Protein chains: 4
Amino acid sequence: MAASKPTHAPAPAADKPHPDVSRRSQRSRRAIYDAALALVAEVGYPRTTIEGIAARAGVGKQTIYRWWSSKADVLLEAFLDLGDRAVQAAGEEGVGIPDTGDLAADLKSVLRATVDELRDPEFEAPYRALAAEGVVNEQLGRAFLTELLEPSLQLFVDRLRSAQDAGHLRADLDPRIALELFVSPLAQRWLQRTAPISHEYTDTLVDYALHGLAPR
Amino acid sequence: MAASKPTHAPAPAADKPHPDVSRRSQRSRRAIYDAALALVAEVGYPRTTIEGIAARAGVGKQTIYRWWSSKADVLLEAFLDLGDRAVQAAGEEGVGIPDTGDLAADLKSVLRATVDELRDPEFEAPYRALAAEGVVNEQLGRAFLTELLEPSLQLFVDRLRSAQDAGHLRADLDPRIALELFVSPLAQRWLQRTAPISHEYTDTLVDYALHGLAPR
Amino acid sequence: MAASKPTHAPAPAADKPHPDVSRRSQRSRRAIYDAALALVAEVGYPRTTIEGIAARAGVGKQTIYRWWSSKADVLLEAFLDLGDRAVQAAGEEGVGIPDTGDLAADLKSVLRATVDELRDPEFEAPYRALAAEGVVNEQLGRAFLTELLEPSLQLFVDRLRSAQDAGHLRADLDPRIALELFVSPLAQRWLQRTAPISHEYTDTLVDYALHGLAPR
Amino acid sequence: MAASKPTHAPAPAADKPHPDVSRRSQRSRRAIYDAALALVAEVGYPRTTIEGIAARAGVGKQTIYRWWSSKADVLLEAFLDLGDRAVQAAGEEGVGIPDTGDLAADLKSVLRATVDELRDPEFEAPYRALAAEGVVNEQLGRAFLTELLEPSLQLFVDRLRSAQDAGHLRADLDPRIALELFVSPLAQRWLQRTAPISHEYTDTLVDYALHGLAPR
DNA sequence: TCTTAAGCGAGACGGTACGTCCCGTCTTTGA
DNA sequence: TCAAAGACGGGACGTACCGTCTCGCTTAAGA
């Protein structure tokens with residue numbers, strides 16, 4: 001569910017007693033990212049192993065254990081890096097939610113883009129793996145949330161607040177809850193495969209959410 | 001997301017070349033269910049092993065491999081069985097969604113019950129584990145969906161249709177989509193821990209969904 | 001080392017509390033013998049299993065466990081039965097050691113026949129397996145000895161005694177030891193593969209043994 | 001049948017694609033040898049398992065599989081090492097066959113020592129196990145032969161040749177065959193338990209072999 | 001310029017669990 | 001009532017990875 005992919009610093013948080021970061025081999029880091037993403041795409045997350053990543057990256061296992069605490073951690077960073085690179089490649093465009101004054105249209109547009117992204121096979125495998133791991137592993141789940149989900153959700157919060165200011169939304173709404181009415185259904189359909197997703201579907205979601213299920 | 005737990009046949013589909021089902025030891029089966037649920041609750045899903053289940057159940061490993069194809073498979077069946085037993089213990093009451101004529105009240109009531117259930121630590125560990133596995137393992141995900149999720153969702157579909165017939169919902173609504181407006185947000189908050197869940201929260205969801213986000 | 005193969009009763013010794021022997025299925029017994037010999041020849045003794053024998057013989061495992069105490073036991077009986085059948089097929093001829101009055105010639109002739117037999121691939125696999133098992137498993141070793149080895153050795157004892165009576169051997173000889181001078185070397189070469197065996201070789205053994213290693 | 005135990009290089013032939021030998025843990029190797037010999041002595045060869053050896057040695061199973069191809073292989077090396085250590089402990093003495101000029105006395109002396117050795121319970125269990133395995137497993141049999149048997153037999157060949165040069169043996173004898181007349185009978189009695197072994201027995205063998213069975 | 005110490009590749013190590021193969025026992029069903 | 005069939009509790013197999021731990025070998029920084 002990424003409406004944007006904000007750039008991440010190479011070493012986002014040095015809360016652990018890491019070794020000397022300045023001597024770190026950037027070459028190995030890149031190779032590890034690439035190997036991790038490639039393996040997850042090729043053989044799936046459960047059959048992706050630290051040993052496999054190390055071998056594919058041409059790297060010693062210790063180099064992975066030195067900088068990451070788990071397979072999930074490697075993949076999360078690799079995926080964030082992938083996003084960063086995608087954003088930089090895309091330039092300024094496409095980040096954030098448009099604000100044309102027509103809330104319904106803006107939401108539909110962003111959700112359509114999200115649908116397209118969720119269908120991109122390059123993203124699917126690692127994204128699913130991370131989401132699944134986060135469901136069961138609270139620590140990874142928190143990181144997944146703050147680094148991947150929150151920034152995107154915040155964009156919706158901002159857009160909804162702007163709509164509220166313009167009087168296009170009920171003034172008493174909690175935007176954090178409001179956004180879930182169209183974002184969560186899409187997320188669940190995709191994650192749990194409860195039903196297929198499409199542009200039509202997200203358009204419908206926006207309509208239902210904005211105007212309610214009850215007759216007027 | 002279980003508003004009810006319909007009884008399951010012991011072996012719903014014999015599509016695999018199973019050994020002679022009539023000779024199966026029910027004693028071992030029960031012991032395996034119990035061991036699996038206990039271990040997942042005690043040490044978590046990833047550290048629950050087939051070997052551990054077998055040892056705890058006092059059963060040979062082969063007896064597990066003979067009847068199930070994976071750890072997730074065992075847990076799914078054990079969990080379904082748990083649900084079946086809970087339903088039988090509860091008797092007739094509590095299954096299904098009430099239909100008092102007040103749709104909002106009925107939905108709030110069911111969602112409040114769901115919140116309570118999701119917080120029940122006995123359910124949480126295996127449910128989370130299965131959901132996570134289903135995200136990444138399509139086969140298990142399908143089973144999770146059809147055996148656990150669908151029956152509950154169908155109850156919402158039925159209730160929404162009844163409301164439509166009574167003129168309490170827009171006539172053009174697709175109930176399968178409509179229900180997602182209040183069910184999916186709860187599911188996502190719980191699964192991905194995007195925010196805490198509570199009775200007030202689900203009440204709010206129902207209000208937002210029924211009356212829409214836009215001002216009237 | 002079999003100069004002859006005396007006929008064995010179908011159930012040589014009922015020293016164990018066997019079930020009712022009279023109701024025993026001879027059909028299954030034959031099938032088990034055949035399966036055991038075939039498997040030992042095809043996949044070797046260590047990879048021959050009770051389950052494999054039962055499956056190949058079209059017999060329940062319990063039918064084997066009912067009548068035999070171990071894999072080695074099955075094979076020993078099967079091999080003895082094979083010998084019996086060979087003897088019966090051969091009729092009267094070839095059993096025992098000839099006594100032409102020329103001891104050296106008689107011994108050479110029997111040893112040449114033994115060399116030929118040891119080279120028969122049908123005999124080699126089970127014979128080796130039984131010999132090996134007997135080295136390590138004293139109980140089986142005793143049975144192997146009394147049922148297979150002793151009868152043959154006794155023939156040599158008899159022939160040597162006859163030679164002693166005729167004055168062709170030193171009168172003070174212990175025939176049980178004397179026979180080992182030509183029999184054991186052949187046995188060891190074959191069992192331990194210390195060197196190839198041939199008719200020339202056994203002829204030489206007889207010469208050395210009869211006339212001694214020291215110059216005269 | 002070991003008249004001597006020549007020292008063996010730790011890794012005589014690197015014909016297999018072994019891992020890095022220089023990094024090998026000598027501590028683990030010793031522990032594995034000790035565990036293997038102890039287990040074979042305590043519970044017998046068939047009930048000695050790789051897992052048991054690993055557990056007793058405080059070693060991972062993989063460390064055994066990394067360096068040896070089978071249980072028999074481990075035991076052979078452990079036994080050779082045991083011999084090496086025994087030789088080194090014994091110093092110069094006791095290795096080889098004496099040459100006092102009296103061939104009969106020298107042979108009797110060596111065979112008496114061999115009898116004593118064969119009765120040493122520390123040697124018996126592994127030696128028997130290896131011999132049995134070698135009967136059935138040609139590859140192990142070859143190794144058993146070249147590493148354990150041959151060196152000892154060669155000492156007899158040398159002594160017999162020396163006796164030939166001195167005119168104490170027939171000049172036309174093949175020493176490889178000649179030695180079998182007294183060595184093989186002892187081997188067979190011990191391996192196949194055809195009869196008990198003793199000093200008198202081996203003395204008799206030497207007499208019979210040197211002077212022949214026929215009257216002079 | 002030459003130590004010196006870190007990161008690095010490599011991979012052996014003690015372990016745990018895997019999924020499979022048999023063991024020997026037990027139970028059910030059919031002849 | 002024996003035999004076929006085969007499920008069962010159990011134990012070992014040989015493999016795959018785990019995370020830790022040396023080993024040299026670059027390779028930059030400070031003496």
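Keep in mind that this is a model prediction, so the values were computed, not measured. Chain letters run A, B, ... following the sequence lines, proteins first, then strands; residues in each count from 1.
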Query raised in the report: Contact class for D:Ser22 vs. all strands (heavy atom < 4.0 Å): base, sugar-phosphate, or nothing?
Result: nothing

Report summary line: Taken to the nearest 0.5 Å, the spacing of D:Arg66 CZ from D:Ser28 OG works out to 9.5 Å

Requested in this report: Ignoring backbone atoms, establish whether B:Thr63 has a side-chain N or O less than 4.0 Å from OP1 or OP2 of F:dG9.
Outcome: yes

Query raised in the report: Rounded to whole angstroms, how far apart are CZ on D:Arg47 and C1' on F:dA12?
Result: 14 Å

Requested in this report: Measure from CZ on A:Arg27 to P on F:dC25 and round the result to the nearest Å.
Outcome: 19 Å

Query raised in the report: Roughly how many Å is it from CG in D:Asp73 to P in F:dG14, rounded to a whole number?
Result: 12 Å

Requested in this report: Identify whether the distance between the nearest side-chain nitrogen and carboxylate oxygen of B:Arg56 and B:Glu42 falls below 4.0 Å.
Outcome: yes

Query - Cation-pi geometry met for C:Arg29 and C:Trp67 (6.0 Å, 45°) - result: no

Report summary line: Residue pair C:Ser70/A:Arg66 against DNA chain E: nearer the 5' end by closest nucleotide is A:Arg66

Query raised in the report: Looking at residues 49-62 of chain B, who's got a heavy atom less than 4.0 Å off DNA chain E?
Result: B:Thr49, B:Ile50, B:Glu51, B:Lys61, B:Gln62

**Report entry** Outermost DNA chain E nucleotides near chain B [under 4.0 Å, heavy atoms]
**Finding:** E:dA17 to E:dT29

Report task. May I ask you to evaluate whether A:Arg23 reaches the phosphate of F:dT27, defined as a side-chain N or O under 4.0 Å from OP1 or OP2? Result -> no

Query raised in the report: Between C:Tyr65 (OH) and F:dA5 (C1'), how many Å, whole number?
Result: 15 Å

Query - Inter-residue atom distance D:Leu75.CG - D:Ser70.OG, 0.5 Å rounding - result: 9.5 Å

Report summary line: Separation between CG (C:Leu130) and CZ (C:Phe79), nearest 0.5 Å, reads 6.5 Å

Query raised in the report: Looking only at side-chain N and O atoms, does C:Ser28 come under 4.0 Å of OP1 or OP2 in F:dA4?
Result: yes

Report task. Return the value, rounded to whole Å, for the distance between atom CG of B:Asp20 and atom P of F:dA5. Result -> 13 Å

Report summary line: Heavy-atom nearest pair, D:Leu39 first then D:Ile53, reads CD1-N, 3.6 Å

Query raised in the report: Quick one: D:Leu39 CG to F:dA12 P, roughly how many Å, whole number?
Result: 11 Å

Query - C:Leu76 versus C:Ala143, closest heavy-atom pair with distance - result: CD2-CB, 3.6 Å

**Report entry** Under-4.0 Å salt bridge between D:Arg24 and D:Asp20
**Finding:** no

Query raised in the report: Would one find a side-chain N or O of B:Trp67 under 4.0 angstrom from OP1 or OP2 of F:dC8?
Result: yes

Query raised in the report: So, for C:Tyr127 and C:Phe144, is the gap between ring centers shorter than 6.0 Å?
Result: yes

